[in-house]
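As C-alpha cells, the structure follows; a few thoughts come after it.
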Amino acid sequence: MAIIGIDLGTTNSLVAAWQDGQSVLIPNSFGKYLTPSVVSVNDEGEIIVGETAKQRLISHPDKTASLFKRFMGTKKVYKLGDKSFLPEDLSALVLRQLKDDAELYLGQKVTEAIISVPAYFNDIQRSATKTSGQIAGLRVERIINEPSAAALAYHRQGMSDGKNLVFDFGGGTLDISVIEVFDNIVDILAVSGDNNLGGSTIDEAVVSEFFKEHSILEGQISESQHGILLKNAEACKISLTDRQTVFMVYRHREEEYTMLIDNEKLTQICSPVLMKFNKLLKNVLLNAGLSIPMVDNIILVGGSSRMPIVSEYLKHLTGRPVLSDIDPDCAVAAGLGTVAGIKARSEDVKDTVMTDICPFSLGVEVDVGNRTGIFDAVIPRNSSLPISIERPYTTVCDNQSEICFKIYQGEAFETADNLFLGECTMPVPPMPAHGPSVLVRFTYDINGILEVEAFCEQTGERARKLIVGNSRLSKAEIDSQLEKLAKVKAASRDNEENNLLIAHGKRLYEEFSGIIKSEIMQRLIYLEAAINDSNIKPAEFAMMRDSIQRYFAMLDDYSENLLFYGQSPDGELDGQTDWEEPQK
C-alpha cells in the first residue's frame with residue numbers, strides 16, 4: 001500500500017511519491033505533471049476531470065467548474081447540468097483522478113495521502129480538505145502547509161540552513177511564510193496570506209482594463225465570451241514572462257479589438273495586487289519577529305510567481321536573493337513526495353522533522369464591563385504546534401447556573417467578525433457574579449484537532465468538546481462566516497475622527513499578537529467607553545485620545561521600520577502604557 005502526496009491546487013494539482021530514495025512526480029494520462037483542477041459533466045452525464053474539463057470552461061461553462069478550492073468548507077453549490085456538487089465533492093473528484101494516476105504509475109493500490117493546503121487556510125477549510133480525501137477513498141491523517149512542503153523540497157536540494165521567506169503565489173491563493181531550516185528540521189515561524197488573491201485575480205484585472213479601453217463591449221459579453229477573454233488575458237500574462245510586449249486580441253461580431261500590454265502596463269494594472277504583497281510581507285515579518293535583512297532567501301512557489309513583475313517587485317522591495325531553482329509549479333509537490341517518505345518512515349528521511357503553527361488565533365467570546373462580544377485569544381496565531389493553554393474565567397451575572405464558552409477563530413476585535421467554530425457549556429454553582437471559577441484549556445494538535453476542556457473548581461466537574469476534528473463541521477456551523485476573517489468591521493460612530501481611531505486600532509489588533517494585542521484591546525475598550533460616557537471631561541477625553549493615537553502611531557512606525565530598515569525606532573513595545581483610564 002503506497003502513500004502519496006497531493007498538491008491540491010486552485011488551478012492545477014499534482015501528485016508525488018517517495019520512490020528509490022527520492023521524491024518522484026507522477027504524470028497523468030497525458031504524460032504531464034500538472035492536472036487542471038477543473039471538473040465537467042458531459043452530455044451523457046459522465047464526469048470529466050483535468051485538461052479536457054478545462055477546455056470545456058469556454059465551450060460548456062454551464063457544465064464545468066473551476067476555482068472551487070476558494071470555497072472549500074462553504075455551502076456554495078455548483079450546478080453542472082442536472083448534477084449538483086459542493087466544493088468538497090468537486091475536490092474529491094480531482095483527488096480521485098490523481099489517486100488513479102498514482103496507482104497506475106506505481107503499480108499498487110493507494111490508500112493514504114498527505115494533502116497540502118494554503119498556510120492561511122482556517123480549520124474548517126482544512127477539515128473540508130480532509131473530507132474531500134475521504135470521499136475520494138483516501139485516508140488523510142496529515143494536512144501540510146504548502147510553503148512548508150516547498151521549503152522541504154529546497155532543503156533536499158541542498159539549500160543551506162537559514163531563514164527563508166516562501167512566497168507562494170498560485171492561481172487562486174497567496175501564501176507568504178517565514179520558515180527556518182536547520183539540520184533536518186523545517187520550522188515554520190509565521191504565515192500570512194490571502195485566500196482570494198492569485199493569478200486568476202490578475203487575469204480578471206487585465207480583462208477589466210480591456211473593457212476600459214473598449215467600453216462598447218461591456219454588457220455584450222456572454223459567459224462563454226468572458227471565459228475567452230480570461231483565457232486570452234492568461235495567455236498574455238504568461239507570454240510576458242519572456243517577451244517584451246504582447247497584444248491581447250479579441251474578435252466580436254466581426255470586429256477585432258486589441259490592447260497592447262508590456263510589463264510596465266501590467267505592473268500598473270496589477271498595482272492593487274502589488275500593494276497587497278507589501279501589506280502581507282509586513283505582517284508575516286512582524287509576526288515572525290524578523291526584519292528583511294534577517295531573511296536569507298525568498299523562495300518563489302506557484303505558477304503565478306513566474307511573472308517578471310512579481311520577482312522584480314520582490315527584489316525591489318526586499319533586496320534579498322529571489323530563488324526559483326525548482327519549477328514553481330512543482331516545488332510543493334516535490335516536497336510532498338518527501339513528506340510521504342517521512343510518513344512511511346523511509347530510512348532516507350525518517351529523521352526529518354517538520355513543525356507547524358496555528359495560522360489564526362483561537363479563543364472565546366468574553367464580556368468586559370458593559371462591553372459584550374469581545375474576542376479573547378487563548379492560543380495566539382503563529383503558535384507552534386502541538387500546544388495546550390489554560391485560562392481562568394468567571395461568571396458575569398449573579399446566580400448564573402452555567403457558562404457557555406463560544407469558540408472562535410480569527411484576529412478581529414469583535415467575535416461577530418471572526419469564524420465561529422462551536423461551543424462548550426459548563427454548569428456552575430449559583431453564586432454572586434465572579435464567584436465560580438472555571439479553567440478552560442485549549443489543546444491544538446499537529447493534525448489540526450482542537451479540543452476545549454472546561455473544569456469548574458467549585459464542583460470538580462469537567463466538560464469536553466471536540467471543536468474541529470477529521471470530519472467536516474455541519475454546514476450550519478460554517479455558513480458564510482469564512483469571508484469575514486480577512487477584515488474587521490469598523491463600529492458605527494457619529495464622530496468621524498473617533499471612528500477613524502477605532503478602525504485604526506482594530507486593524508492593529510489584527511496585525512499584532514501577544515501582550516501588544518492585549519494592550520490594543522484595553523485601549524479600544526476604554527476609548528469606546530469614553531465616547532459613550534457623557535460624564536467624562538472633554539479635556540481628559542482629549543488627553544486619553546491623543547495618548548492612544550500616539551501609541552497606535554508608534555505601532556505603525558515599529559512595523560514599517562522593521563520591514564524596511566531592520567530595526568524598531570522605539571525598541572520593545574510590550575509594556576508601553578503611557579495613558580490612564582478616563583476619569584468621570
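Source: prediction; values computed, not measured. Values reported hereafter were calculated over all heavy atoms of this structure, with side chains retained and with hydrogens, waters and symmetry mates removed.
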*Taking only residues two or more places apart in sequence or in another chain, which ones pass side-chain contact (heavy atoms from CB on, under 4.5 Å) with His60?*
Arg56, Asp62, Lys63, Thr64

_Other residues, nucleotides and ligands only: do more than 12 of their heavy atoms fall within 6.0 Å of NZ on Lys265?_
yes

*Report yes if some heavy atom in the side chain of Ile202 is under 4.5 Å from a heavy atom in the side chain of Met307; otherwise report no.*
yes

*Under 3.5 Å, is there a donor-acceptor pair between the side chain of Tyr154 and the main chain of Ile326?*
yes

*Say whether, by atom type as modelled, one donor and one acceptor occur between the side chain of Asn418 and the main chain of Ala412 under 3.5 angstrom.*
yes

*Answer yes or no: is there a donor N or O on one side and an acceptor on the other, between the side chain of Ser192 and the main chain of Val284, under 3.5 Å?*
no

*For atom NZ of Lys76, decide whether the heavy atoms of other residues, nucleotides or ligands shown that lie under 6.0 angstrom number more than 12.*
yes

*What pairs with Tyr78 under ring-ring contact (aromatic ring centres under 6.0 Å, His included), at least two apart in sequence or on another chain?*
none

*Test log, rule salt bridge (charged side-chain N to carboxylate O under 4.0 Å, His left out), inputs Glu312 and Lys315*: CA-CA 5 Å; Glu312 290 302 318; Lys315 289 176 185 176; 3.8 Å; yes

_Are more than 12 heavy atoms, taken from residues, nucleotides or ligands other than Glu213, located less than 6.0 Å from that residue's CD atom?_
yes

*Can you check whether Lys163's main-chain N or O pairs, donor with acceptor, with Asp296's side chain at less than 3.5 Å?*
yes

*Can you list the steps and then say if Cys358 with Leu385 is a side chain to side chain contact (heavy atoms under 4.5 Å, CB included)?*
CA-CA 7 Å; Cys358 180; Leu385 302 182; 4.2 Å; yes

*asked:* For the backbone of Phe121 and the side chain of Arg126, can you confirm whether one donor and one acceptor N or O come within less than 3.5 Å of each other?
replied: yes

*Residue pair Asn122 / Gln125, side-chain donor-acceptor N/O under 3.5 Å*: yes

*Quick one: closest heavy-atom pair of Leu197 and Phe169, and the distance?*
O-CE1, 4.0 Å

_For Phe375, run the side chain to side chain contact (heavy atoms under 4.5 Å, CB included) check against Leu362, Asp417, Thr415 and tell me which one passes._
Thr415

_Under-4.0 Å salt bridge between Lys237 and Glu234_ = no

*Have Ser200 and Arg70 got a donor and an acceptor in their side chains that come within less than 3.5 Å?*
yes

*With a 4.0 Å cut-off, would you call Lys32 and Asp101 a salt bridge?*
no

*Determine whether Val206 and Cys236 make a side-chain contact, defined as any pair of heavy atoms from C-beta on separated by less than 4.5 Å.*
no

*Could I get the full list of ring-ring contact (aromatic ring centres under 6.0 Å, His included) partners for Tyr257, not counting sequence neighbours?*
His214

*Where do Ser311 and Leu300 come nearest, in terms of heavy atoms and distance?*
CB-CD1, 4.0 Å

*Less than 4.5 Å apart, any side-chain heavy atom of Asp194 and any of Tyr120?*
no

_Pairwise side-chain contact, Thr241 with Pro308, heavy-atom cut-off 4.5 Å (strictly under)_ = yes

*Can you find a pair of side-chain heavy atoms, one from Tyr444 and one from Ser383, that are under 4.5 Å apart?*
no

*asked:* Please check: side-chain N/O of Lys69 versus main-chain N/O of Leu8, any donor-acceptor pairing under 3.5 Å?
replied: yes

*Considering non-hydrogen atoms only, spot the tightest contact between Leu25 and Tyr33 and give its length.*
O-CE2, 3.5 Å

*Side chain to side chain, Asn382 and Leu189, heavy atoms closer than 4.5 Å*: no

*Drop me the distance from Arg243's CZ to Ile261's CD1, to the nearest 0.5 angstrom.*
11.0 Å

*Mark yes or no for whether Arg320, through its side chain, and Val295, through its backbone, hold a donor-acceptor pair below 3.5 Å.*
yes

*Within a strict 4.5 Å, meaning less than it, do heavy atoms of the Leu323 and Asn164 side chains meet?*
no

*Would a distance-only check, ignoring hydrogens and angles, find a side-chain to backbone donor-acceptor pair under 3.5 Å from Ser37 to Gly9?*
yes

*For residues Val110 and Leu138, determine if any side-chain heavy atom of one lies less than 4.5 Å from a side-chain heavy atom of the other.*
yes

_Looking only at the aromatic ring of each residue, does the gap between the centers of Phe68 and Phe85 stay below 6.0 angstrom?_
no

_Given 3.5 Å as the limit, does a donor-acceptor pair link the side chain of Asp327 with the main chain of Asp329, or not?_
yes

_Least distance between heavy atoms, Ser304 atom then Val310 atom_ = O-CG2, 3.8 Å

*Check the side chains of Gln409 and Asp123 for a donor-acceptor pair under 3.5 angstrom, ignoring hydrogens and angles.*
yes

*Do you know the tightest heavy-atom contact between Val39 and Leu80?*
O-CD1, 3.9 Å

*asked:* Between Leu90 and Val94, is the side chain to side chain contact (heavy atoms under 4.5 Å, CB included) condition met? List the steps.
replied: CA-CA 7 Å; Leu90 296 170; Val94 175; over 6 Å; no

_Distance-only polar pair, side chains of Thr35 and Ser13, donor-acceptor under 3.5 Å_ = no

*side chain to side chain contact (heavy atoms under 4.5 Å, CB included) between Tyr313 and Thr267, worked out*: CA-CA 9 Å; Tyr313 183 76; Thr267 301; over 6 Å; no

*Which heavy atom in Leu57 sits nearest to a heavy atom in Pro61, and how many Å separate them?*
O-CB, 3.3 Å

*Would you find a donor on one side and an acceptor on the other, under 3.5 Å apart, between the side chain of Asn297 and the backbone of Leu165?*
no

